[in-house]
Amino acid sequence: MFDYRKAAYAQEILKKKIKLQPFKGSINLVAGCDLTFLNPFKTPTEGIAAFVILKYPELEVVERVYATGKITIPYVPGFLAFREIPLLIRAFRMIKKKPDVIIVDGHGIVHPRGLGIAAHLGVVLNVPTVGCAKKPLYGRFNMPGKQKGNYSYIFDKYTNEKLGVVLRTKDNVKPVFVSPGNLTDIETAGNLVFSTVTSYRLPEPTRLAHNFLREIRKKFL
DNA sequence: GCGACAG
DNA sequence: ATCTTGTCGC
């Protein structure tokens, strides 16, 4: 079984290691990562994690890697990282050209204990990360305008601290929820995601990682 | 007590 | 989180 009390404690410890700061240096390579499961409704199950690395700001793919393994921890809102990070780490180690920043499919610091999967991964790898989720998890916010580029801020519901942005990446399409993971800040996170969006709802790194997995997954069925 | 709840 | 198909709106 999985001890969620201990996991929550671990999150509180790791949260203290997050460094929120403007991005240091320049971004030449940006990565997107994602996971897929052979049976997403059963645990344990086989999982596949992938990273797609793109040149920035050209968004040309320069490398793709993936790793497979057994997923034994169930999904519980607030503890996604414990389920997905082990395989993500293995895939990350296979990358030859390490990215300057990773866009993770999930939240950064917009999280009940301030440590969503993007922040968790960023601390463990000591790499700049940005969280880009498709649904809200925590905090209060107003919906942004309907036009691409419109955004609003996400605040902590107790401290009112600004945590991230709700960003409209495509006209009349549901917005995404962006927040810094590690070694980035809200502005860096928002700008990076918006600058990697083309004509789809999700930023290219995330979208391509997802497509890549769909490809790989077929070979395992 | 009730609703909400990343992937 | 998977997969597929159909429908609707811009």
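So that the names make sense, note that chain A is the first sequence line, chain B the second, and so on, each numbered from 1.
The distance between atom NZ of A:K146 and atom C1' of C:dG9, rounded to the nearest whole Å, is 12 Å. What separates CG of A:L213 from C1' of B:dG7 is a distance of 13 Å, to the nearest Å. When the C1' atom of B:dG7 is taken as reference, atom CG of A:L87 falls 14 Å away, rounded to whole Å. Atoms CD (A:Q11) and P (B:dA6) sit 14 Å apart, rounded to a whole Å. One interatomic measurement links the two molecules: NZ of A:K157 to P of B:dG3, which rounds to 15 Å at whole-angstrom precision. The CG atom of A:L35 sits 10 Å away from the P atom of C:dT2 (whole-angstrom rounding). Taking atom CD1 of A:I154 as the reference point, atom P of B:dC5 lies 13 Å away to the nearest angstrom. Atom pair A:N172:CG and C:dC8:C1' shows a separation of 13 Å (rounding to whole Å applied).
For the side chain to side chain contact (heavy atoms under 4.5 Å, CB included) criterion with A:T206, the lone passing option out of A:V104, A:D105, A:N211 is A:D105.
The side chain of A:P136 approaches B:dC5 more closely than any other nucleotide in the set B:dG7, B:dA6, B:dC5. Listed nucleotides: B:dG7, B:dC5, C:dT2. Nearest to the side chain of A:T36: C:dT2. Side chain of A:L137, nearest nucleotide from B:dC5, B:dG7, C:dA1: B:dC5. Comparing C:dA1, B:dC5, B:dG7 by their closest approach to the side chain of A:P77 singles out B:dC5.
Contact check for A:T169 versus A:P203: no side-chain heavy atoms found under the 4.5 Å cut-off.
Within the 4.0 angstrom heavy-atom criterion, no nucleotide atom of any strand lies near A:P112. Among the heavy atoms of the strands, none lies under 4.0 Å from A:G131. Using a 4.0 Å heavy-atom cutoff across all strands shown, A:F82 reaches no nucleic acid atom at all. Within the 4.0 angstrom heavy-atom criterion, no nucleotide atom of any strand lies near A:F177. Across all strands shown, A:D171 has no heavy atoms under 4.0 Å from either base or sugar-phosphate atoms.
With a 6.0 Å radius and a threshold of 12 heavy atoms from other residues, nucleotides or ligands, A:E12 has its CD atom above the threshold.
Between A:H120 and B:dA6 there is no side-chain polar atom (N or O) within less than 4.0 angstrom of OP1 or OP2. Taking side-chain N and O atoms only, A:K134 has a distance below 4.0 Å to OP1 or OP2 of B:dG7. A sub-4.0 Å separation between OP1 or OP2 of B:dA6 and a side-chain N or O of A:Y75 is present. At C:dC3, none of the side-chain N or O atoms of A:R214 fall inside 4.0 Å of OP1 or OP2 (strictly under the cut-off).
A side-chain donor-acceptor contact under 3.5 Å links A:S195 and A:Y56.
For an aromatic pair to be called close, the ring centres must be under 6.0 Å apart, and A:Y151 with A:F194 fails this.
Ring planes of A:F79 and A:F82: tilted class, angle from 30 to 60°.
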